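What follows is one structure encoded as structure tokens, with my remarks underneath.
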Amino acid sequence: MEAFCGSRFWDSNLSVHTDNPDLTPCFQNTILAWIPSIYLWSALPFYLLYLKHNKRGYIVLSMLSRFKTLFGVLLWCVSWADLFYSFHELLQNRTPPPVYFVTPLIVGITVLLATLLIQYERLRGVQSSGVLIIFWFLSVLCAVGPFRSKIMTTAGQVNERFRFTTFYIYFALIIVELILSCFKEKPPFFSPVNTDPNPCPELTSGFLSRLTFWWFTSMAILGYKRPLEDKDLWSLNEDDTSKVIVQQLSKEWDKEKAMCKESNNVLNHTGDGLQEAEVLIRHKKHNRKPSFLKALLRTFGSYFLIGSFFKLIQDLLSFVNPQLLSALIGFIKNKDAPAWWGYVIAALMFICAVLQTLILHQHFQYCFVTGMRLRTGITGVIYRKSLVITNSAKRSSTVGEIVNLMSVDAQRFMDLMTFLNMLWSAPLQIFLALYFLWQTLGPSVLAGVAVMVLLIPFNSAIAMKTRAFQVEQMRYKDSRIKLMNEILGGIKVLKLYAWEPSFSEKVLEIRKNELRVLKKSAYLNSLSNFAWISAPFLVALTTFAVYVSVDEKNILDAEKAFVSLSLFNILKFPLSMLPQVISNIVQTSVSLKRIQQFLSHDELDPNSVETKAIAPGNAISVTNASFSWGKELKPSLKDINLLVPSGALVAVVGHVGCGKSSLVSALLGEMEKLEGEVAVKGSVAYVPQQAWIQNATLKDNILFGQAPNEQKYQNVLEACALKTDLEVLPGGDQTEIGEKGINLSGGQRQRVSLARAVYSNSDIYLLDDPLSAVDSHVAKHIFDKVIGPDGVLKGKTRILVTHGISFLPQVDHIVVLGDGKISEMGSYQDLLKQNKAFAEFLRNYALDEDIEEDEPTVLEEEEVLLAEDTLSIHTDLADNEPVTNEVRKHFLRVCVFYTVQTLDCGSCTNHLCCVILQVKLTVFWQYMKAVGPVTSLVICFLYCCQNAAAIGANVWLSDWTNEPVINETQHNTTMRIGVYAALGLLQGLIVLISSFTLAMGGISAARSLHTALLENKFHTPQSFYDTTPTGRIINRFSKDIYVIDEVIPPTIVMFFGTFFSSLSTMIVIIASTPLFAVVIVPLAILYFFVQRFYVATSRQLKRLESVSRSPIYSHFSETVSGASVIRAYGRVKSFIDISDLKVDENQKSYYPGIISNRWLGIRVEFVGNCIVLFAALFAVIGKNSLNAGLVGLSVSYALQVTLSLNWMVRMTSELETNIVAVERIKEYSETETEAPWVIEGKSPPEDWPSKGELEFVNYSVRYRKGLDLVLKGLNLQVHGGEKIGIVGRTGAGKSSMTLCLFRILEAAKGEIKIDGVKIAEIGLHDLRSRLTIIPQDPVLFSGTLRMNLDPFNKYSDEEIWKALELSHLKRFVSSQPSMLDYECSEGGENLSVGQRQLVCLARALLRKTRILILDEATAAVDLETDDLIQMTIRTQFEDCTVLTIAHRLNTIMDYTRVLVLDNGTVAEFDTPANLIASKGIFYSMAKDAGLA
């Protein structure tokens, strides 16, 4: 080297052991000058490769680019000027050393390369180049040393004036280059025109901005100023969109399938004869299935590997800081060391930490984006597959399972991505840490490692147990929610029967069990917490104890103690993560198998139905074809021969299950064609038997992606009899229809489905029994206007599956199917003459047909009723279908709500902001009250103690390391170890106690909040339930209670943990270097701001993400159930686009969510890194007054603080998001309640009502405040034992009368007396338990039959059997094996409607009070049951007062008196005979019914 340089290469006296260090000229001219060149040349090949593949159009030459190039060329000239100067010296016979030729040459060429790169990048559309920024930065960094030494020597004498000048020019130019390269260029020219309203700034941001995620700041600020909305979100980057990703993944998956097919085919065609058999046996195991994993790896692997590369660098960097710490402690010990050493170490620590931060977050970014792309890809592939799988494949997995593939399994992949790198990174970190520990402490390390390894099975055992508890708790939770669902569904019945206490007890019983399990798992959790927090301490303790005990000579000094502590801290993470990652991988592999299995299902053969060639004049031809629903099933249609001429109307008839629908499916290509030919010419429209309705507006359902044409649309509505329905629906044809068409009646759904077909204007119409769901006269209208010979569709080819015989004479051909074969076909007349199966069929059905003709009016009225019901606020005592009606009500309410909401948005937001701050504090206070204020204080106190103990242990350790060494040994080591152990274990113990206390507090809070909520909901008046969707109340009981049970307590534990550990770090650093207090304030302010911005924005993003997530799944399940319709209309492509759009919408809010975490991480960790820097810096400054132990303590604390700071922000955010649950529960625990159940001292006598007299005195009532009166000034008297029939038109107030008797509605004025007692003055239960009602629709609860009859266990078995006998149920019940304990399913589904009605009768017979109210079922229950009920009531309730709300007059013609209500007033009240004679309202009603 000396010959090469002409001077010494390295001189430690000059460079290290001096107060004014300098580098030798040789070192400066070789290593320092070459570093940037080496970097650039080694990065070049990779970079060129990258640029070759990524072209984004070229950038127009700008001033910036010109200047960069100009300075680059100047630099090259300067470098080569040096080179020529050396040649000049040669000519003057002063031979300069070779280095003066080599270095300028290298530097010159490198600079020239950089200049060329600037231009190449411009042509490739790179706006800001990371490679060059790093190059210029390195160049400046490497030139600083020579610059300083040149200035220092200038003070002396200058011998090489020329080289000095060139160097100064060079230095100035590279600084200018560095500054210029930090600016970004304009976007590329000719890049595709960006129509994006809101493009993501990431693509156009500069290198530094990307490195620190600075480009996200604008959104963080926006989210802080006001709540984010959809329109604020950036569009996805091109590479993250479904279009790009799913295409790539599908391509790879298709390739993979093709490869498998090839390799499997090759194997099967080998040789012949015996050899073949052998070969096949040998190759059996090679018959591989296509592997989805390979497709995923090919698609996403390379991108993910970049992240892994970053992880590798970060892992290596994490071991630099412990080494630097050891150097720092050495520096403090060595009192003669020059001060600049300390500053260099501090600076290096800071640089190392910052680098680690930047690289770690780049790694996370790559991982998360990979995860996000995986989810997009998997979702898209599954969606596309679900549109083409065969029906047999679809049957093997339910819709729910397929949706799960998309939600749960794709989510698993996403979660795994984050930590997948731990698989190789954890072992690497463990190995490195052990290596360095061994170097520091020798074999005693193994003791510590042993403790760590032993803790792993302990922790995993706890985890297994916790999981078991979770399963058990889920069971209880599900049963509680199911019960609550039933209770809320039948709340009216509970109120009428006064059964609330019994059900409340049942719920609380389940809740008690649930909390018991929760308590157990809380104990376990605090144990694992204890293990987790004590682990690092136990490890350190065993290691140090073993180390000092093994050998007298082993001295524990500061360096050893604190370096090993920081290494143990590094070890903690990989050791705890490994088991988790492995279990995650196992779960994901299960998901992978499930997805792979789904993707390998058979697909429909698109060519099974020929669409081009067909015999002329025919629209459909089927020859000798057989079809089955699956390859392995037997054919359901055999030897079908069918020719349908263009424009014909063909009816397909036959008995149930003879294959009518299958025939239609076969023509659509939905079935497996086993043999034969099928040809269908032209476009197809299809109306399935079960109408398929999308969750969209009614108009969209009909247009179904066609261009709107108002005239045509109106004609279609007219023809399909939808005009009247539109008038009834709240938003006309803009009404949003719920999932599965929940707010339409069955007939309406069918008509919409038909309208869609008519609007599509296709050539061939396949109508699968569209007339069965509608009433007979509507069916006639539709047949005449749409399907029949004079309908809208005349001239089109129509195939109509039907049961309606009346239409058959009007069709062209009839096909009769029997057992999957065509038994006969021909026109109506031909078939009648043949007198075969068809004639038989006619005879069977004609009888039913007559009966149907008689009651069209009833049906129609019911449909109108439904419509009225959904709109009027008046809901009858009970509605026809409790569940759907609830949803319907909710829907209409939402529709109305939306229109209202749009009016007043502007004013609320500002107001909201003020409220939010107050809300936060009050909610926290409410939660503290629920936990118990004393408990809360105790918890805080315990946390303080725990941290005090931890600090104590570490301070003791630092004191121990400063113990003087005498004769190469330290004294009283045993005392040292003892105290250290005691302090550490004390800390562990306090942790245990504090997490116990917190868990108990959390559970007691959960208990009291739930009890209050339940208590209130049972006391809430009925009107609340009429106006609040059940879903909303159930949500409080499920989701919000879950949050309070299981989310808030652990979050609080984490929050306290991180908060106190950050606090103790500050205390320790300030205690050892008081100067640090100065920096704390600015750092805290910075931290606070970042935290506020982050919390606000990330919460909005989370909200947007969860809102946009459910549409993906609901659209998917909709698609799966309507796949055949979508295929028939040829809309597959557009549905795929819709799905992709929904996924992209969701990712649009998920992506900023990822970035916000990175943004936060970098900023918070920067604060942490500053803490490290200042802790080290102040230690160096105060070097003379400090001992090594204290420095070790404060810096090793500082090194851990970053993690705590980071988690603290996240936990604050979590807490603020989740604490809302407390508020929501509070809100519903404080709604107004009805009158008290029992009023002390006001109870009526035991036998009341003994006579059964009723009196209404000037009685008026309204449903809710602000609505009109329903009953206006009623005055009437009923004597004991009278039988009164109540009649009137819908909405006349019949049901309201009964509700008033039970005080479900409270009087507006006037009063009701029963036996002279004013009912308003007694408790509700006293009143309700003395009256009996048989409600309109029978509500049963899941549980035993006995519980349904007698929930309080008041009656003996004999009494119950007697009641069952009288209500004609005895035969049915005694035939059941479990008799009275017969389990009724939810809503009594496993009993027929008639039986349910009889159960209600049995309830009434058991109670047997003096007043019975009977609300007749509207929809006639089968006539037998009805007669039974009437008969029983006449015999059993002879001496009771009976009030009957009648819909059919024949039941009340023999009653004592009849009350006719009209518009809330008494119109007529007399005996039936007198009323008919007086020819009033009653007479006209009786006449309609044919009774007068």
Side-chain angles (χ1 to χ4, degrees), residues 496 858 861 865 876-878 1251-1256 1259 1270-1271 1274-1302 1312 1314 1331-1337 1397 1400-1401 1404 1409-1421 1423 1425-1492:
L496 292 172
V858 181
E861 190 177 0
L865 259 179
D876 237 349
L877 177 59
K1251 299 200 277 296
E1253 292 176 353
L1254 283 179
E1255 190 180 357
F1256 283 75
Y1259 189 85
V1270 205
L1271 296 176
L1274 284 194
N1275 280 305
L1276 61 113
Q1277 234 172 343
V1278 177
H1279 307 299
E1282 271 196 301
K1283 308 283 178 282
I1284 306 284
I1286 305 175
V1287 295
R1289 296 199 163 71
T1290 306
K1294 303 190 296 282
S1295 302
S1296 315
M1297 272 191 72
T1298 56
L1299 296 181
C1300 300
L1301 279 174
F1302 284 90
I1312 301 178
I1314 299 182
L1331 305 175
T1332 309
I1333 184 165
I1334 299 180
Q1336 192 173 32
D1337 78 330
Q1397 200 77 48
C1400 292
L1401 177 63
T1409 54
R1410 299 288 309 194
I1411 297 180
L1412 169 73
I1413 290 128
L1414 172 65
D1415 195 345
E1416 260 187 26
T1418 343
V1421 182
L1423 300 167
T1425 315
D1426 209 60
D1427 293 343
L1428 287 178
I1429 292 176
Q1430 290 296 339
M1431 210 169 67
T1432 311
I1433 286 170
R1434 286 198 171 78
T1435 53
Q1436 293 302 313
F1437 291 95
E1438 232 172 338
D1439 47 353
C1440 303
T1441 313
V1442 179
L1443 300 180
T1444 303
I1445 294 179
H1447 294 278
R1448 292 197 307 287
L1449 298 185
N1450 53 357
T1451 54
I1452 56 164
M1453 290 312 270
D1454 58 347
Y1455 274 27
T1456 333
R1457 289 195 280 174
V1458 172
L1459 169 67
V1460 183
L1461 284 176
D1462 186 41
N1463 209 356
T1465 53
V1466 179
E1468 304 170 357
F1469 189 29
D1470 208 339
T1471 60
N1474 291 354
L1475 288 179
I1476 284 179
S1478 69
K1479 303 238 179 226
I1481 302 179
F1482 185 70
Y1483 171 73
S1484 63
M1485 291 170 85
K1487 198 165 147 221
D1488 288 349
L1491 294 172

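None of these values were measured; they are calculated from a predicted model. What you see below is based on every heavy atom in this structure, not just the backbone, and it leaves out hydrogens, waters and symmetry mates.
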Mind listing the closest non-hydrogen atom pair of G1464 and L1274 along with its distance?
-> O-CD2, 3.9 Å
Would you please test V1466 and N1275 for side-chain contact (heavy atoms from CB on, under 4.5 Å) and show each step?
-> CA-CA 8 Å; V1466 179; N1275 280 305; over 6 Å; no
Under the side-chain contact (heavy atoms from CB on, under 4.5 Å) criterion, do F1469 and I1286 qualify, and how do the steps go?
-> CA-CA 9 Å; F1469 189 29; I1286 305 175; over 6 Å; no
Without swapping roles, check the side chain of T1471 against the backbone of R1457 for a donor-acceptor pair under 3.5 Å.
-> no
Looking at P1472 and M1453, what are the two nearest heavy atoms and their distance?
-> CG-O, 3.5 Å
So how far is it from T1298 OG1 to L496 CG, rounded to the nearest 0.5 Å?
-> 7.5 Å
Approximate separation, where rounding is to 0.5 Å, of E1468 CD and D1470 CG | 9.0 Å
With a 4.5 Å heavy-atom cut-off, do T1444 and I1284 have their side chains touching?
-> no
Ignoring hydrogens and angles, tell me if any N or O in the side chain of T1441 forms a donor-acceptor pair with the backbone of G1281 under 3.5 Å.
-> yes
Are S1478 and Y1483 close enough, and set up right, to give a side-chain contact (heavy atoms from CB on, under 4.5 Å), and what steps lead you there?
-> CA-CA 8 Å; S1478 69; Y1483 171 73; over 6 Å; no
Identify, with sequence neighbours excluded, every residue that meets side-chain contact (heavy atoms from CB on, under 4.5 Å) alongside T1465.
-> K1272
Between T1409 and I1411, is there a donor-acceptor pair closer than 3.5 Å when you use the side chain of the first and the backbone of the second?
-> yes
Starting at CG of L1459, measure out to CG of L1443 and round the result to the nearest 0.5 Å.
-> 9.0 Å
Could you tell me which non-hydrogen atom of L1412 sits nearest to which non-hydrogen atom of A1404, and how far apart they are?
-> CD1-CB, 4.3 Å
At what distance, to the nearest 0.5 angstrom, does CG of L1414 lie from SG of C1400?
-> 10.5 Å
I1445 to K1294 - nearest heavy-atom pair and separation = CD1-O, 3.5 Å
Salt bridge D1454-K1283, side-chain N to carboxylate O under 4.0 Å = no
Residues at least two apart in sequence or cross-chain that pass side-chain contact (heavy atoms from CB on, under 4.5 Å) with K1251, listed by chain then number, are E1253, D1315
Approximate separation, where rounding is to 0.5 Å, of F1302 CZ and L1331 CG | 4.5 Å
Rounded to the nearest 0.5 Å, the CG atom of L1254 sits from the CD1 atom of I1413 at a distance of 7.5 Å
Identify, with sequence neighbours excluded, every residue that meets ring-ring contact (aromatic ring centres under 6.0 Å, His included) alongside Y1455.
-> none
Does the R1410 side chain pair with the main chain of D1439, one donor and one acceptor, at a distance under 3.5 Å?
-> yes
Check whether any side-chain N or O of E1255 sits under 3.5 Å from a backbone N or O of V1278 as a donor-acceptor pair, and report yes or no.
-> no
Between the main-chain N or O of I1433 and the side-chain N or O of Q1436, is there a donor-acceptor pair closer than 3.5 Å?
-> no
Which is it for I1334 and L1401 under the side-chain contact (heavy atoms from CB on, under 4.5 Å) test, yes or no, and what are the steps along the way?
-> CA-CA 6 Å; I1334 299 180; L1401 177 63; 3.7 Å; yes
